[in-house]
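Bear in mind the structure is a predicted one, so any value in this text is a computation, not a measurement. Remember, it's 1-based here, ligands and their atoms both numbered in the order they're listed.
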Amino acid sequence: MIGPESCDCGVTVLLTGLPSAGKTTVAFLVAGRLRDAGHRVEVLDGDVMRKTLSAGLGFGRADRHENLQRIGVMAEVLARNGVIVLVPVVAPYADSRDAVRQRHTASGTAFLEVHVATPVEVCAQRDVKGLYARQRAGELTGLTGVDDPYQAPEKPDLVIPTVRQSADASASLLMDLLVRKRFVA
Ligand SMILES: Nc1ncnc2c1ncn2[C@@H]1O[C@H](COP(=O)(O)OS(=O)(=O)O)[C@@H](OP(=O)(O)O)[C@H]1O
Ligand SMILES: Nc1ncnc2c1ncn2[C@@H]1O[C@H](COP(=O)(O)OP(=O)(O)O)[C@@H](O)[C@H]1O
């Protein structure tokens, strides 16, 4: 149950990192725990958003920026209305992430930035969707962290080092942050 120690208010949590870093896994684990505790939660997964809200956008810099701004608008509206919004997206550019933060700040809505910090070598081994193999085979270019930029957050609210711990332990780190910030009891 939602306890008196939590504010019962919304927040957007941006989980940024390379493909296969663990963003989606952590987001859904945390979402499950939050729902069990009685919170209203949404996961705006990059993969799903790209087939719906951002259908037709590519992976050049301008389209990646546009993609994140669209997702950011949706997240801000939900969070402003009391939902805890988990956003697992690559979001490789600092200025694009900052623009989403500013949208939240302008409406007095909470925003947290979490770096799911998995080295590219580990991501390439996990290769959940086969993207790294396709890049090596010359079937794909512009893969974030390989032949496209990833600007790591300079001052994230949390860094999750997934290579040193289980997915459950990673989820616990994010839960601890939400407790510390009083979004969760
Ligand atoms: N070139 C390239 N670079 C990065 N990612 C690629 C690319 N092509 C396809 N994909 C797949 O698209 C998912 C990333 O979508 P996002 O919306 O999160 O990316 S971005 O924020 O617009 O950069 C990403 O999902 P995740 O693996 O879950 O991160 C990939 O599966
Ligand atoms: N500590 C961890 N946190 C998250 N995922 C982990 C962790 N350790 C191993 N993994 C594995 O890494 C993969 C990450 O895939 P996914 O969550 O889809 O990544 P992303 O959404 O960043 O592309 C999953 O197979 C997951 O089980």
**Asked** Tell me, which residues have any heavy atom less than 4.0 Å from some atom of ligand 1?
**Response** P19, S20, K23, T24, D47, R50, F59, R64, N67, V89, V90, A91, P92, K129, L131, G142, L143, T144
**Asked** Residues two or more places apart in sequence or in another chain: which of them pass ring-ring contact (aromatic ring centres under 6.0 Å, His included) with H115?
**Response** Y150
**Request:** Answer yes or no: are there more than 12 heavy-atom neighbours, outside M175 itself, under 6.0 Å from its atom CE?
**Result:** yes
**Asked** Is atom CD of E139 surrounded by more than 12 heavy atoms (other residues, nucleotides or ligands) closer than 6.0 Å?
**Response** yes
**Request:** With salt bridge (Lys or Arg N to Asp or Glu O under 4.0 Å) as the test, would you mind laying out the steps for D47 and K23 before giving the verdict?
**Result:** CA-CA 11 Å; D47 280 343; K23 308 178 297 292; over 6 Å; no
**Message:** Using the rule given for side chain to side chain donor-acceptor pair (under 3.5 Å), can you reason through T162 versus S170, listing the C-alpha separation, both sets of side-chain angles and the distance that settles it, and then say yes or no?
**Reply:** CA-CA 6 Å; T162 76; S170 296; 5.7 Å; no
Are there any N/O pairs under 3.5 Å between ligand 2 and the protein, and if so, what are their distances?
| unit_1 | atom_1 | unit_2 | atom_2 | d |
| --- | --- | --- | --- | --- |
| ligand 2 | 1 (N) | T162 | O | 3.2 |
| ligand 2 | 1 (N) | Q165 | O | 2.8 |
| ligand 2 | 1 (N) | S166 | O | 3.0 |
| ligand 2 | 1 (N) | A167 | N | 3.4 |
| ligand 2 | 1 (N) | S170 | OG | 2.9 |
| ligand 2 | 3 (N) | S170 | OG | 3.4 |
| ligand 2 | 8 (N) | R126 | NH2 | 3.3 |
| ligand 2 | 12 (O) | R126 | NE | 3.4 |
| ligand 2 | 12 (O) | R126 | NH1 | 3.4 |
| ligand 2 | 17 (O) | T25 | N | 2.9 |
| ligand 2 | 17 (O) | T25 | OG1 | 2.5 |
| ligand 2 | 19 (O) | G22 | N | 3.1 |
| ligand 2 | 21 (O) | T24 | N | 2.9 |
| ligand 2 | 21 (O) | T24 | OG1 | 2.4 |
| ligand 2 | 22 (O) | A21 | N | 3.1 |
| ligand 2 | 22 (O) | G22 | N | 2.9 |
| ligand 2 | 22 (O) | K23 | N | 2.9 |
| ligand 2 | 22 (O) | K23 | NZ | 2.8 |
| ligand 2 | 23 (O) | S20 | N | 2.8 |

**Request:** Can you see which heavy atom on D45 is nearest to which on P88, and at what distance?
**Result:** OD1-O, 3.6 Å
**Complete:** For D176, the salt bridge (Lys or Arg N to Asp or Glu O under 4.0 Å) test, sequence neighbours excluded, returns none
**Message:** For F59, does the six-membered ring have the charged nitrogen or CZ of R64 within the cation-pi criterion, i.e. under 6.0 angstrom from the centroid and within 45° of the normal?
**Reply:** no
**Message:** Applying the side chain to side chain contact (heavy atoms under 4.5 Å, CB included) criterion to L112, which one of T12, V11, L14 satisfies it?
**Reply:** V11
